[in-house]
Structure formats: C-alpha cells, structure tokens
> 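Here's a structure for you.
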2 protein chains.
Amino acid sequence: MERKASVTIHDIARELNISASTVSRALNDNPRIRKSTKEKIKALALELGYQPNTIASNLRTQKTHTIGIVVPLINRHFFSTFISGVEDVAFDAGYNVIISQSKDLLQKEQQIVNSMFSNRVDGLITSLSMQTSAFEHFQLFANKNIPLVFFDRIAPGFEANKIIVDDFACGFKATQHLIDEGYQRIAHLAGPTVLNTYHDRMEGYKSALIKNNMPLEDELIICNRLTRMDGQEAIKKLLDLKNPPDAVFCGNDTSALSMIVYLKSQGIRIPEDFGIVGFSNEPFSEVVTPSISTLKQPAQEMGQKAAELIINEIENKELPRTYQTITMPTELIVRESSSRKFN
Amino acid sequence: MERKASVTIHDIARELNISASTVSRALNDNPRIRKSTKEKIKALALELGYQPNTIASNLRTQKTHTIGIVVPLINRHFFSTFISGVEDVAFDAGYNVIISQSKDLLQKEQQIVNSMFSNRVDGLITSLSMQTSAFEHFQLFANKNIPLVFFDRIAPGFEANKIIVDDFACGFKATQHLIDEGYQRIAHLAGPTVLNTYHDRMEGYKSALIKNNMPLEDELIICNRLTRMDGQEAIKKLLDLKNPPDAVFCGNDTSALSMIVYLKSQGIRIPEDFGIVGFSNEPFSEVVTPSISTLKQPAQEMGQKAAELIINEIENKELPRTYQTITMPTELIVRESSSRKFN
DNA sequence: TTGAAAGCGCTAACAT
DNA sequence: ATGTTAGCGCTTTCAA
C-alpha cells in the first residue's frame, strides 16, 4: 500500500559504484560513455524498474517538451480533429500535449493561458474564445519569446504564427454558389464578428452580393452565437420579414441544420424553395436529409501544420523570428441543401 | 529577441531584503506571514510580473496536479465529450489534463502510458485500445499506487476504479426492442470481443434471443472494427446469406449508418423491410434519414465522474484503497430506423 | 513571524 | 571515458 520511493539514477550509480552523471549520460545515449558501461547501466535500470523523472529533467533543462492547446470546446468536431492532428505530430516528435477549453469565456481563457505559462509549456496553440477581443494575456508568451500559434480564431495584429483558412473567400464562394443556383434574396447568419472568422465570412458574403449587383440589406444579416436554438430563432425572424429571403449562408453547420429542421417542419422545400449553405463540414452534414452544402476546413491537417510550426520554432529559438500566416485550402462541398440544378 | 530570465522568488526576496522562504509562504497565503509583509510581497510580485514555476514546485512537492488521459481516438465524439467532462472537473479542482491517443494500437498505448508515468501524472484515466488484452503496462501505476481509472473499455480483473455502462443490458435492450417491433431474424455486428464493451453487448444480444426462444446462429454474428467500410461489408455479407436477417443490432452508430446508406441504395426500406439499432448516439444519428435508434451513453457525465473519482483518490492517498466499478445509466433512444410500429 | 539550509532528480560545465 | 560540482526554482523542516 505504501508508495515505494522511486528508483533514481543515484540508486543505479551507487549499486554500480559509478557516478550519477555517468548513469545519466548512459541512459541518454551519450556517445562518450563506453559501450560496456552503457549496457551494464541499462541492464540494471531495467532490472530495478527505473523510470526517468521527466519533471526533474524539465526543471534542469528548462524545457518541458509540452505543447499547450487552448480551444473553445474540446468536443466540437473541428477542434477535436485539430487536436488529434497536433497530437499525432507532437507525439512523433517527443512532445506531450496539454489541453484546456475556454468554454468561450474570456476569463477562463485568461486563467488557462496563465496556468499553461506556469506549467512552462514550450509553446502554445490556441483558437480564441467568442469573447476575446483583447490579447494582453498572450503577451506573457510573446515577452518571454515562447512560441505561440493562433489558428482559426486568431488575434489580428498580434505578432505570432497563424493558421487560418480564407474565410473571406469561403463566404464569397458560398454566396456566389447560392446566386449561381438562382436564389434571389440571400441572407447571412453570422457569429460574433469580433472574431476574424465570422467577420471575414460576412465580408465575403457582402462582396459576392455586390459583385452580382444585389443589394446589401441589414435585415438579411443576423449575428448570434450559432447554436441550434440561435439558428431556429434566426430562420423564424427571417421568414417573418415582409420580404423574406430564399436562401441563407450560415456561419456554421449546426445553425444550418436547425434551420433545415425548422423549414422542413413548415413544409418549405429544400432546395426547391429555399437554399442553405453551412460551414465546417460537420460529420452530420453529409448524412442528414437534405445533406448540407458546406465549406470543408482541413482540421486534421491544420493541427499537424500547427504542431510542425510550433515545434520548429521551439527547436530553432535562436533564429531571428519571422512570423507567417498560413492559409490552408478549403473546399466548397455542394450537397442537396443548395443544389437546385440537380433537381 | 533574447529570452529574459524569469523572475523568481529569489529576485523578489533580494529586492525586499527578506528570505525566499518568506516570499514562498506569502505567495502561498501561509497564515504565518504578517499581513503587511504579504501585501508588500504580492505587490512586488505583480509589479515584476512574477509567474510561479510550476515545474519546480512539482519537483519539490512530488505532485504535478496533472491528470493523464489515454483514449483510442481524440476526435471520436464519445471520447472528446468524455474528455470535456474530465477537463471541466479537473480545471475547477486545479488540475491540468494531458492527453494522448493510442490510435487503437497497443504499442502506442504502452509508450504513452510510460511517458505519462515519467511525466509523473498524479493519476491516469484510460479507455483501452482495440488491441489491448494484457495490462502489464498499467502495472507501473498500480505498483506505485498511482490512481488509475478505466472507463468504457476496461481491463477486466485489474484492481482499479472503473466507469462503465451496462453493455450487456444495452445489448439486451436493443435486441429486445427489435424483437418487439416484430423483426424475425436479427443479426449482430460486433467490434473486437476481447474488449468488454463489445463482448458484453454481444452477450446481451444473445441473451435476448434466447429469452425469446429465437435461435442463435453463427452466421448472423459478424465481428470487425466497425468502421464505415466494415459496416458496408458486413451488411453485404448478411444480405447474401441464403436466409438473410431482417434487422441488425450494430456495435456502433458509424457502422449502423453505413448499413443504412447501403440498404437505401438497394431500395430496401427502413424500418419497413429492415430494422437497425446502433450504439453511442453520435450527433449524426438524430438527424440522418431515417434517424438511427441507438443507445445513449452519458459521455460528459462519465468524464466528470472519472475526474471526481481520481481526484478524490489522489487527495486521499493514505486511505485504504477500495476500488469501485461505477455503472452509469444508459438510454435506448428509439428512432425511425427501428420503429415499425409508428408506421 | 521570519530565516537558513537542505534537497526534490536531473544535467552539464569543467575537471581529470 | 568518467567524476565532481553546482544548480534549475521551489518548499519545508528546523531553528531563532
């Protein structure tokens, strides 16, 4: 029942009448240790069930081989897939991954970022909460020159690496697609436009309308948090307009889904009477009826890229820092919810 | 560009002409420090931008306030939701969460478990890989008396806390439901039955058939890894039998979905001609057409419970250890894919 | 109420 | 090829 004190390199050293440093070197495969000594040491280490104490090593080397990730919600498909991508690359490079979720609360995000710092993560990868519009809490990392990568919801103007998709182009593509399908009056449901993602999608939407000489109308743009409930409220509001839209480009798939459910319940046919395009390519979008046209972001690849970037930065600290913003490719996936032409 | 050395308690001590221990005590709100001293210290700490070095503290106190989680795949909804539940409780209790995915590979699982140990996590929460049928790699934790919680896919016979659902009862309920709906010949698609989850679901299935005086037939039971592809192959095989089934209870929703897609493509009507029940209540199950009847596991709550259990164990190390197996409630959600009676 | 001193387990100059 | 020594930054016993 009692916790047996762990075996340390000193235990091994004592037993073999050598010094702890030799043991340390041997276990780290330092070439300056004689092969026979190494073998002796490793054999005994195995026999005694020695397990290195990473904490001690971390303290000594000032390096934790740990990457922190902060996302709004761990169990959102986009984020969990991103995390999976990070973990893949990190694991292969010998890094651990420590994760927290902000729950879209600025205050929690701030706490987490501080905690990650105190835990001396070697780098931090993050996508901002819906409430985040100031970035002082990340200054801690910038000041200490600790690598920082923003993805998806980024801090505009903050000097750091960033991984995004071209949300403007996505918004444009989605809207242009609806126009091409013959929809006449296209609305947009946006998320909080303090966030670059939702802001840019909306601008892309507007730009497409303008390019096609269609009027921008304030009443056709609704901003909320894009939950299922939000989607339903939005579509109700839109249908209640004197001059309601015949299509909506939604800021995410969840709200698009709830709109579809509501429209179906009202006997409004999709895509014949009403067109919908969502965002993110959630797993359900492909299999729901009608299937949801959407924009696919390469979540796994974004995570991998983020990990590569940050590990590279961690391991090349001395190089003059140059920050890049990497734009990953997206794909407009046209499905039933907007495909009049196939009918 | 150069990394400015961090402020330590010694810097604060020097500046105030006091000892580092006093600073340490003050910052930790030790009651034996005079209030005025405390305030002076905290003010200076703030001014200098002091951030505690958790690593050093961890080494000294032999406690990391970190919980390790090992799951097969981070971006499976059940697992990411479980993780979210753990993180919620852990964060509130001042614990960090470090995560790795085994990718259902035993070897990776072993590596991860060792690495988690070396990182001196205070406890480990895990769901086994599909390849795991021996558990020596967890012995490390058991030997050192480090709290260990298995969930979902557990190590039978291993002395540890466990959080599960009653998979046997689930299998029984699902099958009984299909029988009640009038299906005559019910097949089962199982995952690797070395895992308790899939094994128990299958036994539940068998038990329901027996109870209803229906024959058990080997050809109606297929085992694979339950991917989409696996589901499709399985349903093809089943339909090719001389005497094919008219319903399937699937070990997960993914394979159930792929069966539905295939059946629809063959013009087989669901639920009229064929009944399907899945497992896990993936987000898509509710919205696909036909919607999928399934068993709902309380993933978030399981995660919370796991965190509570392990934190309690961590913080009451001295108590004689008693291991519990907690069975969480499940719910059979009846939807279109098996609801003949509603038609 | 505060300080001195030791040490958690490891690594890395610097010696030999 | 190996040993000596110092110390990473913190906590904690013991002493004052």
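The chains referred to below are lettered A, B, ... by the order of the sequence lines, with proteins before strands, and numbering in each begins at 1.
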> Of the nucleotides dT2(D), dG3(C), dA12(C), which one has an atom closest to the side chain of I18(B)?
dG3(C)
> State which of dG9(C), dA4(C), dC10(D) makes the closest approach to the side chain of N53(B).
dC10(D)
> Check every atom of dC10(D), dT11(C), dG9(C) against the side chain of I9(B) and return the nucleotide holding the closest atom.
dC10(D)
> With under 30° as parallel and over 60° as perpendicular, where do the rings of F82(A) and F151(A) fit, or are they tilted in between?
parallel
> With sequence neighbours left out, what residues match N312(A) under side chain to side chain contact (heavy atoms under 4.5 Å, CB included)?
N316(A)
> What pairs with R153(B) under salt bridge (charged side-chain N to carboxylate O under 4.0 Å, His left out), at least two apart in sequence or on another chain?
D104(B)
> Return the set of residues passing side chain to side chain contact (heavy atoms under 4.5 Å, CB included) with T81(A) (not counting sequence neighbours), or none when no residue passes.
H77(A), A299(A), Q300(A), N75(B)
> Do the ring planes of F158(B) and F138(B) sit parallel (below 30°), tilted (30 to 60°) or perpendicular (above 60°)?
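Answer is perpendicular, since the angle exceeds 60°.
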> Are the side chain of Q131(A) and the backbone N or O of L106(A) linked by a donor-acceptor pair below 3.5 Å?
yes
> Report the end-to-end axis angle of the helix from dT1(C)-dA16(D) to dT16(C)-dA1(D); each axis comes from five terminal pairs, and the value is rounded to 10°.
30°
> For nucleotides 13-16 of chain D, tabulate all protein N/O to nucleotide N/O atom pairs closer than 3.5 Å, reporting atom names and distance.
| residue | atom | partner | partner atom | Å |
| --- | --- | --- | --- | --- |
| dT13(D) | O4 | R25(B) | NH2 | 2.6 |

> Please check: side-chain N/O of D122(B) versus main-chain N/O of K63(B), any donor-acceptor pairing under 3.5 Å?
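Not a single qualifying donor-acceptor pair exists.
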> Would you mind telling me which of dA12(C), dT2(D), dG3(C) lies closest to the side-chain atoms of I33(A)?
dT2(D)
> In residues 36-50 of chain A, which ones come under 4.0 Å of DNA chain C, going by heavy atoms?
Y50(A)
> Side chain of T8(A): nearest nucleotide among dA4(C), dG9(C), dC10(D)?
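Of the candidates, dG9(C) comes closest.
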> What does N28(B) touch in the nucleic acid at a heavy-atom separation under 4.0 angstrom: a base, only the sugar-phosphate, or nothing?
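Sugar-phosphate, no base atom in range.
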> Apply side chain to side chain donor-acceptor pair (under 3.5 Å) to E87(B) and S100(A), showing your working.
CA-CA 7 Å; E87(B) 202 274 337; S100(A) 265; 2.8 Å; yes
> What does T61(A) touch in the nucleic acid at a heavy-atom separation under 4.0 angstrom: a base, only the sugar-phosphate, or nothing?
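Here T61(A) touches the backbone only, sparing every base.
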> Should the pair K42(B)-D29(B) be classified as a salt bridge under the 4.0 Å nitrogen-to-oxygen rule?
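A salt bridge links K42(B) with D29(B).
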